[in-house]
Amino acid sequence: MELRISDKISKIAPSITLSIDAKLKQMLADGIKVYGFGVGEPDFETPKYIRDAAVEAIDKGMTKYTPAQGTMELRKAICAKMKRDHGLEYNPNQIIASSGAKHSLSNSFAAILNPGDEVIVPVPYWVSYTEIIKLNDGVPVLVPTKKENGFKMTKEELMSAVTSKTKAILLNTPNNPTGSIYTESELKDIADVAVSNNIYVVSDEIYEQLTYDGKKHISIAALGEDIKELSIVINGMSKAYAMTGWRLGYACANEKIIKAMSSVQSHAVSHPSSITQYASVVALNGPQDDVHKMVEQFAKRRTYMFDRLSKIEGLKCLMPDGAFYIYVDITNYINKELCGQKINSSLDFAQILLEQGHVAVIPGAAFGTDNFIRFSYATSMEIIEKGIDAFEDFVKKNLK
Ligand SMILES: Cc1ncc(COP(=O)(O)O)c(C=O)c1O
């Protein structure tokens with residue numbers, strides 16, 4: 001019997017990051033010592049006051065269905081956060097809570113895209129963007145950016161990609177995988193193009209809190225009423241509060257868009273977990289000291305990892321201003337041999353490195369730039385020290 005699945009789904013590529021993580025976990029389960037720099041997940045525990053709030057939610061019986069858009073308390077806490085951090089005024093009807101930022105992105109594209117609508121995605125891009133767009137009948141339009149511009153899309157690059165079918169621009173700052181942060185003037189350039197062409201900006205700001213060396217994240221929606229009207233700001237609890245498994249993301253946008261997103265969500269998952277929502281209110285309204293402490297740790301790891309990787313012959317690293325990744329140019333390794341096998345691509349390199357060197361990184365091919373690899377420093381200093389030792393040793397001995 002032939003089992004047929006939808007044509008649309010068969011064109012979707014599974015997440016390379018999750019498959020590398022699965023392989024790494026299997027190797028660990030088999031008793032193999034592997035250093036993981038793959039998945040972007042903080043190694044910290046969720047702060048205690050947030051965990052306590054979840055227990056309280058269960059004990060208090062906050063275990064029933066909530067409104068599809070999220071509880072009023074949570075949406076108010078998100079409004080207060082947007083005002084506090086960006087001076088942005090939203091009311092609770094302009095907010096929706098979802099099961100992770102990934103889910104918020106998915107709801108956003110479901111709400112705005114018609115079949116064939118184009119979404120401009122600067123390269124390198126986070127793995128899931130293109131697939132989420134395709135899942136929602138859109139067409140990702142990839143716009144290559146330049147390393148000398150910190151991989152940030154310029155006004156000219158953006159304008160050359162705009163067509164009559166362009167519905168949205170996908171912006172991600174601070175950026176995964178490069179760690180780059182758009183400055184206010186760079187954001188103004190993007191906003192000008194969006195406003196003059198009536199194009200939405202889906203602004204993924206999940207790494208907002210993770211910035212270093214005094215660099216600050218600016219939300220494009222804060223640059224004026226016109227661009228705020230066209231912006232769908234995406235954020236969530238995963239990265240800043242070490243709450244990846246809790247699944248809470250949110251979107252802030254015009255009420256009409258939020259209503260459409262809420263309608264999609266109500267038929268798919270109803271709403272995110274009531275317990276997670278309760279704990280997220282406490283996280284957002286509470287003292288932010290734990291977030292600051294985690295950022296301090298990330299900053300130390302970033303400097304250490306950057307210094308170590310920069311000293312390895314043949315590698316060229318990009319100093320990240322935010323997020324928790326270092327994007328490393330391995331152009332000098334392509335066409336060489338690693339353990340006797342020719343390296344044709346970042347995938348080859350990452351695969352041999354994992355299987356034979358026992359170090360997990362993400363190949364740049366996952367982000368649309370094949371001559372790079374991404375290291376995550378969302379892991380302990382001990383693993384970073386030993387893992388970079390192992391990486392350096394392996395490359396020195398086996399790269400010919
Ligand atoms: C750029 C970016 N956006 C969104 C997400 C998804 O976050 P969440 O756990 O809230 O779904 C990630 C996670 O890796 C990410 O890197």
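Read the numbers this way: they start at 1 and go in the same order the structure lists the ligands and their atoms. Numbering starts at 1 and runs along the sequence shown.
Geometrically, K228 engages Y90 in a cation-pi contact, judged by NZ or CZ lying under 6.0 Å from the ring centre and within 45° of the ring axis.
Taking the six-membered ring where the residue is Trp, the centroids of F37 and F391 are separated by 6.0 Å or more.
For the side-chain contact (heavy atoms from CB on, under 4.5 Å) with T178, the qualifying choice from Y325, Y327, F372 is Y327, the only one to do so.
Residue pairs satisfying the side chain to side chain donor-acceptor pair (under 3.5 Å) criterion with at least one member in residues 279-292, sequence neighbours excluded, are listed as follows: Y241-Q288. Within the structure, side chain to side chain donor-acceptor pair (under 3.5 Å) pairs that include any residue of residues 4-14 comprise K8-D137 (at least two apart or interchain).
Sorted by chain and number, the residues within 4.0 Å of ligand 1 by heavy atom are G100, A101, K102, W126, Y129, N172, N176, D204, I206, Y207, S238, K239, R247.
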Donor-acceptor contacts under 3.5 Å from residues 113-120 side chains, at least two apart:
residue: D117; atom: OD2; partner: N114; partner atom: N; Å: 2.8
residue: D117; atom: OD2; partner: K167; partner atom: NZ; Å: 2.8
residue: E118; atom: OE1; partner: T163; partner atom: OG1; Å: 2.7

